[in-house]
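Notes follow the structure.
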Amino acid sequence: MERFTRDGLVFEVADGGPADARVAALLLHGFPQDATAWAGVVPALHAAGLRTLAPHQRGYSPGARPGGRRAYRLEELAADAIALLDAAGVERAHVVGHDWGAGVAWALAAWHHERVASLVALSTPHPAAFTRAMLGSQAFRSWYMLAFQLPGLPERAVAGRIGDFYRSTDLPEEHVERYAGRFSRPGELNGPLNWYRALPFGRRGVGRIRVPTTYVWGRRDPALGRAAAERTAENVVGDYRFVELDAGHWLPETHPETVAREILQPVEGRT
């Protein structure tokens, strides 16, 4: 499948893997990325027999850019992912998310655990751990989240320096060129930035996680610090692995082999 729909919105999706695949992985990108973030990860998953579903999420797909901040609440983002699984005929998936995509993945595992075979969260900790860490040093790392609440100005500011932003956070140049080519126009950033602007309107907390969970964090991540990373364990009940890498933020792009290996561990029953 190349597209799926929900509530009149049309989402683009990269659907790949063996024709006879019986196991699926749902891959959710972050900000400011798109589904191509997983290009280095999916070959190993396909070789292991998995089908992969990687959508351009709400605000990123040209046909799925509703107006208004409330349309980007976490509840809507999670419902988009469930709609994709339904359209693809997938009852349960191994759910993987990076950055904001990990936020959606945590919500799916908490609210729709019957659809989640396992969870691999990259970079972004459990939301409750993040909130608690905001009482300390995490607040200084996350100053931009407040700045993004302004209307219009962040789109212009981020678009004008998007290449510098990627390079300053050690994203490899090949990915800088691809993403900057897409997000150097303010209009391409309105939907993605609305994910942040919708934060005050979320009504449902993300509770404890009961599915097998792996959290992968880079100790050199400039945006997400150690306090929340270590507190994430308090919010997972059952099988849990914390994998700390000597890495920065862009784990799917910079460490695709490691990411693929961590995704495949619960699939293959390894511990």
Side-chain angles (χ1 to χ4, degrees), residues 11 13-14 24-45 50 52-61 72 74 77-78 80-81 84 93-109 116 118-127 129-130 141-142 144-145 165-166 169-172 174-176 178-179 182-183 191-193 195-196 206 209 211 213-225 228-229 232 241-266:
F11 297 81
V13 57
L26 173 61
L27 309 175
L28 303 170
H29 67 80
F31 170 89
Q33 297 164 291
D34 57 28
T36 64
W38 306 104
V41 177
V42 295
L45 305 186
L50 271 68
T52 57
L53 297 166
H56 295 300
Q57 297 194 80
R58 179 174 292 235
Y60 294 84
S61 285
Y72 294 83
L74 188 57
L77 307 174
D80 293 340
L84 170 54
H94 296 273
V95 177
V96 186
H98 174 245
D99 185 77
W100 253 114
V104 179
W106 286 114
L108 286 174
V116 179
S118 70
L119 167 65
V120 176
L122 307 174
S123 300
T124 297
H126 187 282
F130 180 83
R141 294 174 180 262
S142 300
Y144 60 91
M145 297 176 70
F165 161 72
Y166 288 128
T169 53
D170 296 325
L171 182 67
E174 63 182 287
H175 304 290
V176 171
R178 184 176 73 256
Y179 292 148
R182 177 169 189 169
F183 297 113
L193 285 168
W195 288 45
Y196 292 93
V206 177
I209 308 300
V211 304
T213 299
T214 301
Y215 173 46
V216 185
W217 173 72
R219 67 175 67 100
R220 293 185 282 108
D221 193 318
L224 297 160
T232 288
R241 297 179 67 248
F242 174 41
V243 180
E244 179 178 336
L245 302 179
D246 183 20
H249 181 71
W250 309 98
L251 301 182
E253 294 91 347
T254 60
H255 292 71
E257 297 87 358
T258 301
V259 169
R261 184 170 63 248
E262 295 303 329
I263 295 170
L264 289 172
Q265 286 224 20

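Please read all numbers here as calculations on a predicted model, not as lab measurements.
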Are side-chain heavy atoms of L224 and R141 found at a separation under 4.5 Å? no

Taking all non-hydrogen atoms of both residues into account, name the closest pair between V206 and H126 and its distance. O-CE1, 3.1 Å

Point-to-point distance, once rounded to the nearest 0.5 Å, from CD of Q33 to CG of L171: 8.0 Å

Approximate separation, where rounding is to 0.5 Å, of Q265 CD and H94 NE2: 12.5 Å

Over all atoms of both residues, closest heavy-atom pair of P252 and L122: CG-CD1, 3.9 Å

Among R182, R178, H175, find the one that has a side chain to side chain donor-acceptor pair (under 3.5 Å) with T36. R178

Distance, nearest 0.5 Å, that separates CH2 of W195 from CE of M145: 12.5 Å

What is the minimum heavy-atom distance between T124 and A102, and which atoms define it? CB-CB, 3.7 Å

Checking L108, V116, V104 against L26 for side-chain contact (heavy atoms from CB on, under 4.5 Å), the one that qualifies is L108

For P55 against A35, the heavy-atom pair lying closest together: O-CB, 3.7 Å

Counting distance only, does the side-chain N/O of Y215 pair as donor-acceptor with the main-chain N or O of E244 below 3.5 Å? no

How long is the straight-line distance from CG of L193 back to OH of Y72, given to the nearest 0.5 Å? 10.5 Å

S61 side-chain N/O to H56 backbone N/O, donor-acceptor pair under 3.5 Å: yes

Within the 4.5 Å heavy-atom criterion, are V216 and V259 side-chain neighbours or not? no

Looking at T254 and D170, what are the two nearest heavy atoms and their distance? CG2-O, 4.3 Å

Is a donor from one side chain sitting under 3.5 angstrom from an acceptor on the other, for E253 and Y166? no

With sequence neighbours excluded, what pairs up with F165 under the side chain to side chain contact (heavy atoms under 4.5 Å, CB included) test? P32, I162, T169, W250

Given the rule in the side-chain contact (heavy atoms from CB on, under 4.5 Å) test, do W38 and V96 qualify, once you have shown the distances and angles that lead to the verdict? CA-CA 10 Å; W38 306 104; V96 186; 3.8 Å; yes

Are the side chain of D99 and the backbone N or O of F31 linked by a donor-acceptor pair below 3.5 Å? yes

side-chain contact (heavy atoms from CB on, under 4.5 Å) evaluation trace for Q57 with L28: CA-CA 8 Å; Q57 297 194 80; L28 303 170; 3.8 Å; yes

Taken in chain and number order and not counting sequence neighbours, the residues that satisfy salt bridge (Lys or Arg N to Asp or Glu O under 4.0 Å) with D221 are none

Would you indicate whether the side-chain heavy atoms of S118 and V211 approach each other to under 4.5 Å? no

Are the side chain of W106 and the backbone N or O of G97 linked by a donor-acceptor pair below 3.5 Å? no

If we ignore hydrogens and angles and just use 3.5 Å, is the side chain of T213 paired with the main-chain N or O of L119 as donor and acceptor? no

Apply the test side-chain contact (heavy atoms from CB on, under 4.5 Å) to residues W217 and T232: give CA-CA distance (whole Å), side-chain angles for both, the deciding distance (0.1 Å), then the verdict. CA-CA 11 Å; W217 173 72; T232 288; over 6 Å; no

Pair L84-F11, side-chain contact (heavy atoms from CB on, under 4.5 Å): steps then yes or no: CA-CA 9 Å; L84 170 54; F11 297 81; over 6 Å; no

Can you find a pair of side-chain heavy atoms, one from T258 and one from R261, that are under 4.5 Å apart? yes

F242 and A229: which non-hydrogen atoms are nearest, and at how many Å? CZ-CB, 4.1 Å

